[in-house]
Colleague: 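Structure provided below as structure tokens; questions to follow.
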Amino acid sequence: MKSRRRCSGKSPQTPAATGSKMYHCSDCGKSFTKSHHLKDHERVHTGEKPYHCGQCGKSFTRQSSLQIHERVHTGVKPYHCGQCEKRFTHESSLQIHERIHRGEKPYHCGQCGKSFTCQSSLQRHEHVHTGEKPYHCERCGKSFTRQSSLQIHERIHAGEKPYHCGQCGKSFTCQSSLQRHERIHTGEKPCHCERCGKSFTRQSSLKIHERIHTGEKPYHCEQCGKSFMRRSSLHIHERIHTGEKPYHCGQCGKSFTRQSHLQIHERIHTGEKRYYCGWCGKSFTRESCLQIHERVHTGEKPYHCGQCGKSFTCRSNLQIHERIHTGEKPYHCGQCGKSFTRQSHLQIHVRIHTGEKPYHCGQCGKSFCDQSALRSHQQSHTGQKPYFCGQCGRSYTRSRSLRTHKCSNIKPSDLDVNSSN
């Protein structure tokens, strides 16, 4: 009797249908359900990128990756958010974005408990705890926690700026920088402070601003313990300890710890004074100097001495004044050890030792170590004597001469009356 095989009516199942992974990578042992997935993966080891972009020449291991990349050039964003109408080039990016509306953050950090909308964000965050920066620049050796950050950084070396502003034509190395820049033209400030209502173009700027309200200063100097709200402020501060001044003036060679200080200094050479006083028309190189000057017209003196109540138009003048009460003289001469309350006074004093006299009279050529001495001297040519004695009317070219003047018209009885008053 012949045995018969019963037909089950089911076709043989494929590895993909059963979930088995029968295609294995000989390099790393990773397994795949489909042969073409294995082929795509093997290109990671061989470095082969057979799919090339016709616009910029960039290469990819998969055709699907090329198709997604081409949307950068075409601007096609086929995936739309039903909540806010935001568009995306990847379906996966849309899915991650939708979690913002749902408040869903399924990926949690095992160290600090912080939650994230996508796994890649969690992985990048974990580098904060481990200190790992696995992506290295071959040009300068700088390391990064994200591959995308490395790619953006490499454009600095290549000089590549593929993102262009449609309004002014300015170019940028990354799309996020372009998006932030475009807010200058639109005036959009989407990040709002819940405490005071102030708005910002960047989320990072809002976070830094919020520290004003919380008092948080998370960046600490290891040398002196001083704390800062911004990492960049800490870096600048650390240059005080290291003596580093990386910004140099091309005209005179003077060096600065901050680029902004160099830019202000360069206006000395160019003569540029872009900030004008609406009261008297006087111009200034710095906006802060203009604001201080305007207090001369308004009479505002917001800085008060806690010891004697005297008021000042700027904080630095108050700090200098307070040294009268404390007796502090923090500026010392390296030649003779003499001390001064102001750095400018020390600089003038040092010229006694060096013999430097940088201020010259245009009339007779005589030189002086400080500008005030030159001004007093110039009055000898003009005959101007702006300092008058209120008792006898005698005038002087210098205020010091008036102070030492002994008026013959003042009688001892007048002094007694004045003292009694």
Colleague: Report the C-alpha distance between His293 and Cys289 in whole Å, list the side-chain angles of each, state the deciding distance to 0.1 Å, and finish with yes or no for side chain to side chain contact (heavy atoms under 4.5 Å, CB included).
Modeller: CA-CA 6 Å; His293 165 79; Cys289 292; over 6 Å; no
Colleague: Over all heavy atoms of both residues, which pair between Thr46 and Arg43 is shortest? Give the atoms and the distance, please.
Modeller: OG1-CA, 3.2 Å
Colleague: Side chains of Arg231 and Pro218: closer than 4.5 Å at any heavy-atom pair?
Modeller: no
Colleague: Give the minimum heavy-atom separation between Cys314 and Ile292, together with the two atoms involved.
Modeller: CB-CD1, 3.7 Å
Colleague: State yes or no: are the ring centers of Tyr331 and His345 separated by less than 6.0 Å?
Modeller: no
Colleague: Just grab all the salt bridge (Lys or Arg N to Asp or Glu O under 4.0 Å) pairs involving residues 126-147, residues at least two apart or on different chains.
Modeller: none
Colleague: I need the Arg71 CZ to Arg87 CZ distance, nearest 0.5 Å.
Modeller: 12.5 Å
Colleague: Give the minimum heavy-atom separation between Leu206 and Cys191, together with the two atoms involved.
Modeller: CD2-CB, 3.9 Å
Colleague: Under the rule for side chain to side chain donor-acceptor pair (under 3.5 Å), what residues qualify as partners of Ser121, not counting sequence neighbours?
Modeller: Arg124
Colleague: Provide the closest heavy-atom pair for Ile320 versus Arg342 in the form atom of the first, atom of the second, distance.
Modeller: CG2-NE, 3.3 Å
Colleague: Ring centres under 6.0 Å, that's the criterion: do Phe144 and His153 meet it?
Modeller: yes
Colleague: Looking only at non-hydrogen atoms, find the nearest pair between Cys174 and Arg155 and report the distance.
Modeller: CA-NH1, 4.0 Å
Colleague: Give, for atom NE2 of His377 and atom SG of Cys361, the distance between the pair rounded to the nearest 0.5 Å.
Modeller: 3.5 Å
Colleague: Checking Gln223 against Glu238 for the side chain to side chain contact (heavy atoms under 4.5 Å, CB included) test, could you report, in this order, the C-alpha distance in whole Å, the side-chain angles of both residues, the deciding distance, and whether it holds?
Modeller: CA-CA 8 Å; Gln223 297 263 14; Glu238 286 171 337; over 6 Å; no
Colleague: Output the distance between atom OG (Ser65) and atom CG (Asp40), rounded to the nearest 0.5 Å.
Modeller: 8.5 Å
Colleague: Nearest 0.5 angstrom please: Ser31 OG to His41 NE2, how far?
Modeller: 9.5 Å
Colleague: Of all heavy-atom pairs between Leu346 and His332, which one has the smallest distance, and what is that distance?
Modeller: CD2-O, 3.7 Å
Colleague: So how far is it from Lys207 NZ to Cys193 SG, rounded to the nearest 0.5 Å?
Modeller: 14.0 Å
Colleague: How about CZ on Arg183, more than 12 heavy atoms from neighbouring residues, nucleotides or ligands closer than 6.0 Å, or not?
Modeller: yes
Colleague: For Tyr23 and His37, I'd like to know if the aromatic rings sit close, meaning centre-to-centre distance below 6.0 Å.
Modeller: no
Colleague: Check whether any side-chain heavy atom of Phe284 lies under 4.5 Å from a side-chain heavy atom of Lys282, and answer yes or no.
Modeller: yes
Colleague: Would you sort out whether Cys196 and His209 count as a side chain to side chain contact (heavy atoms under 4.5 Å, CB included), showing the intermediate values?
Modeller: CA-CA 10 Å; Cys196 65; His209 165 79; 3.3 Å; yes
Colleague: Just verifying a value: how many Å separate Gln175 CD and Glu182 CD, rounded to the nearest 0.5 Å?
Modeller: 9.0 Å
Colleague: Side chain to side chain donor-acceptor pair (under 3.5 Å) with His349: which of His353, Gln347, Arg351?
Modeller: His353
Colleague: Run Cys25 and His45 through side chain to side chain contact (heavy atoms under 4.5 Å, CB included) and show every step you take.
Modeller: CA-CA 10 Å; Cys25 175; His45 301 294; 3.5 Å; yes
Colleague: Compare all side-chain heavy atoms of Lys30 with those of His24 and state whether any distance is below 4.5 angstrom.
Modeller: no
Colleague: Measuring only between side-chain heavy atoms, which start at C-beta, is Thr285 closer than 4.5 Å to Glu272?
Modeller: no
Colleague: Going by heavy atoms in the side chains, are Val350 and Thr354 under 4.5 Å from each other?
Modeller: yes
Colleague: Does anything in residues 89-107 pair up under salt bridge (Lys or Arg N to Asp or Glu O under 4.0 Å), and if so which pairs, sequence neighbours excluded?
Modeller: Arg102-Glu104
Colleague: Do Arg239 side-chain atoms and Thr257 backbone N/O form a donor-acceptor pair below 3.5 Å?
Modeller: yes
